Amino acid sequence: MSAINFNEVFQSLETGVASIAKTSLQGYYDAAKADGENALESMKANLERWTQEVVSGTLTPDDLGYLLKEEAGLNEMTALKQAGLAEVKLDQFKGSLIGLIINTVTGLFKV
Amino acid sequence: MLVAASIIVLAGCATISRFDQYAYAQSTSLKVDALNVMNLASQQYDTHVSDITTVNTAMDKMVAYERNRPKNELSEKMWVMLRDTNQNLYGGFIRRWKNEGTLSPVFIKESQILIGQAFDQVSQLESGKIKTQQATN
């Protein structure tokens with residue numbers, strides 16, 4: 001069996017890691033960005049509607065105060081969800097990394 | 001040797017719990033129950049204590065269930081936020097209902113939208129977790 005060129009092996013692993021990171025983390029970035037944009041649009045629409053409802057008397061200023069606090073709570077829930085989904089992506093990344101290492105190393109010993 | 005050690009370290013340290021079908025089903029089911037109870041808030045709190053207690057107890061059980069799943073702190077925290085009467089989601093809504101006796105239909109409707117979305121965040125995190133079948137592939 002010929003000697004193993006570890007520089008080549010690690011170069012191949014580096015390329016693989018970069019590719020896995022790009023594919024697995026891009027999806028998370030896109031989803032988190034969309035969540036943030038939706039939250040902003042929703043906050044704007046809510047504030048406009050609630051203000052009109054206070055003016056028309058169907059909501060009290062007290063109601064408005066509660067709704068703003070509920071919205072802040074919702075935003076915190078969204079942030080916690082995104083933190084969790086980031087951890088999921090990290091685990092998926094680690095899983096792919098294990099696969100890459102195993103495939104690369106076992107490939108060295110194929111005849 | 002180094003490679004084998006790296007694989008063992010990587011494989012042995014999952015960051016977050018795996019998908020749990022029961023937790024997912026409960027998050028969607030309790031959302032419906034919570035929004036249904038909120039619908040009653042235009043009527044006197046005292047006349048619906050039994051309905052409220054049923055939902056509160058189911059949520060307390062869910063918090064306990066989530067607390068006992070390993071590496072599940074974020075989901076547990078989300079359930080605590082929903083349930084906690086000192087915060088401003090479902091538990092906060094119930095606290096206000098209790099304090100004020102009745103709530104206005106417009107406030108109830110607007111709260112249902114926000115709190116429904118808060119429950120959705122819990123479901124979306126659970127459904128985004130790695131399924132056991134995926135993990136073993």
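Chain naming here is simple, since letters A, B, ... match the order of the sequence lines and numbering starts at 1 in each. Computed from a predicted structure; not experimentally measured. Computed from heavy atoms alone, side chains included, the values below leave out hydrogens, waters and symmetry copies.
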Let's go through Lys81(A) and Asp35(A) carefully: what are the C-alpha distance in whole Å and the side-chain angles of both, what is the deciding distance for side chain to side chain contact (heavy atoms under 4.5 Å, CB included) to 0.1 Å, and is it a yes or a no? CA-CA 10 Å; Lys81(A) 177 193 78 178; Asp35(A) 248 9; 2.8 Å; yes

For Tyr29(A), which residues count as a ring-ring contact (aromatic ring centres under 6.0 Å, His included) partner, sequence neighbours excluded? none

Can you confirm whether [X] sits close enough to [Y] that some side-chain heavy atom of one is under 4.5 Å from a side-chain heavy atom of the other?
X         : Y        : result
Phe107(B) : Leu59(A) : yes
Lys61(B)  : Gln26(B) : no
Leu68(A)  : Asn46(A) : no

Has Ser96(A) got a side-chain atom pairing as donor or acceptor with Gln92(A)'s backbone, closer than 3.5 angstrom? yes

Please check this pair: side chain of Asn72(B) against backbone of Asn68(B), looking for a donor-acceptor N/O pair closer than 3.5 Å. no

Using a strict cut-off of less than 4.0 Å between a Lys/Arg side-chain nitrogen and an Asp/Glu carboxylate oxygen, indicate whether Lys94(A) and Asp91(A) qualify as a salt bridge. yes

State which residue, out of Arg67(B), Lys71(B), Glu73(B), Glu66(B), fulfils the side-chain contact (heavy atoms from CB on, under 4.5 Å) condition with Arg69(B). Glu66(B)

Pick one of side chain, backbone, both or neither for Glu53(A), based on which atoms fall under 4.5 Å of a heavy atom in chain B. side chain

Can you tell me which portion of Asn75(A) sits under 4.5 Å from chain B's heavy atoms? Options are side chain, backbone, both or neither. neither

For Glu70(A) and Leu67(A): C-alpha separation, side-chain torsions, deciding distance, then whether side chain to side chain contact (heavy atoms under 4.5 Å, CB included) applies. CA-CA 5 Å; Glu70(A) 282 180 3; Leu67(A) 289 171; 3.7 Å; yes

Checking Thr78(A) against Gln117(B) for the side chain to side chain contact (heavy atoms under 4.5 Å, CB included) test, could you report, in this order, the C-alpha distance in whole Å, the side-chain angles of both residues, the deciding distance, and whether it holds? CA-CA 9 Å; Thr78(A) 307; Gln117(B) 288 171 347; over 6 Å; no

So for atom CD, which belongs to Gln11(A), do other residues, nucleotides or ligands contribute more than 12 heavy atoms lying within a distance under 6.0 Å? no

Counting a contact as any heavy-atom pair under 4.5 Å apart, which residues of [range] contact chain A?
range                       : answer
residues 78-106 of chain B  : Met78(B), Met81(B), Leu82(B), Asn88(B), Leu89(B), Phe93(B), Arg95(B), Arg96(B), Glu100(B), Ser104(B), Val106(B)
residues 119-126 of chain B : Gln121(B), Val122(B), Gln124(B), Leu125(B)
residues 46-59 of chain B   : none

In terms of heavy-atom pairs under 4.5 Å with chain B, which of Ala83(A), Gly99(A), Gly84(A) leads? Gly84(A)

Distance check, rounded to the nearest 0.5 Å: Leu80(A) atom CG versus Glu76(A) atom CD? 6.0 Å

Heavy-atom pair with the smallest gap, counting every atom of Ser12(A) and Thr104(A): OG-CG2, 4.2 Å

